[in-house]
Structures are given as structure tokens and as C-alpha cells.
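Nothing here was measured: the structure is a model prediction, and the numbers come from that model. The residues of the chain are indexed from 1 along the displayed sequence.
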Amino acid sequence: MRAYLDDQPLDVARPTLAAALAAAVEQAGIKGRIVVEASAAGARIPDDTLESPPEEEPAGDLRFVSVE
């Protein structure tokens, strides 16, 4: 699994959506930004899934978008 925040590779501790989301939120916060969008294999991840992300490896790349 590969994960990206604003098209930059993310270093993720475990290959799970939960770990990737945590890494994206942390990196965005360091830059004074917040994550506003997430997708897996090109499909938007629903908000309810992001509220309680699974501890399993998602199919395809994960992409997160942040804003100031």
C-alpha cells in the first residue's frame, strides 16, 4: 500500500487505512493544514468510514488532500 498527502509520499507505520489517516493528519497538522479529502484506488472514502477507519489494508493507493 502506498499513501500520499497532497501528492507527496507518506511514511506509514502499518499498511492500514487507520494508520495512513493518522499519518496524514499528523503531517498536515505539522504544516498548519487539515485533511479534507481521502480516496482509495481513485474512489472517495465515505466520511463514516473515516470516522472509524478499519485496521485492514485497503486496495490500491491512498490519497489525502489538505487545506490551510
Side-chain angles (χ1 to χ4, degrees):
M1 174 200 85
R2 292 177 296 201
Y4 303 89
L5 173 63
D6 300 326
D7 295 322
Q8 298 299 311
L10 271 175
D11 196 19
V12 180
R14 298 178 324 276
T16 67
L17 176 55
L21 178 58
V25 168
E26 179 181 352
Q27 287 300 309
I30 289 170
K31 298 175 183 177
R33 300 172 67 87
I34 60 169
V35 174
V36 295
E37 185 178 315
S39 62
R44 185 180 167 279
I45 299 173
D47 291 342
D48 60 329
T49 301
L50 294 174
E51 289 173 8
S52 184
E55 288 288 341
E56 56 190 42
E57 187 169 355
D61 291 348
L62 293 175
R63 295 199 173 266
F64 300 95
V65 176
S66 70
V67 297
E68 287 185 12

Please determine whether residues Y4 and V25 belong to a single hydrophobic cluster, defined as Ile, Leu, Val, Met, Phe, Trp and Tyr linked transitively by side-chain heavy-atom distances below 4.5 Å.
no

Which atom pairs, donor and acceptor, lie under 3.5 Å between side-chain atoms of residues 36-45 and protein residues at least two apart or in another chain?
| unit_1 | atom_1 | unit_2 | atom_2 | d |
| --- | --- | --- | --- | --- |
| R44 | NH2 | D47 | OD1 | 3.1 |

Any heavy-atom pair between the side chains of R2 and V12 that's under 4.5 Å?
no

Non-hydrogen atoms of T49 and P54 that approach each other most closely:
CG2-CD, 4.0 Å

Sequence neighbours excluded, the answer for side-chain contact (heavy atoms from CB on, under 4.5 Å) partners of E55 is R14, T16, A18

Considering all heavy atoms of both residues, which atom of M1 and which atom of E57 are nearest to each other, and what is their separation?
N-OE2, 3.4 Å

Closest non-hydrogen atom pair between L21 and P53, with its separation
CD2-CG, 4.0 Å

Would you say V35 and V65 make side-chain contact, with heavy atoms under 4.5 Å?
no

Closest non-hydrogen atom pair, L17 against P58:
N-CD, 3.9 Å

Evaluate the criterion side-chain contact (heavy atoms from CB on, under 4.5 Å) for residue pair R33 and D6; output intermediate values, then yes/no.
CA-CA 11 Å; R33 300 172 67 87; D6 300 326; 3.8 Å; yes

Might you confirm whether atom CG of D11 has over 12 heavy atoms from other residues, nucleotides or ligands at distances under 6.0 Å?
no

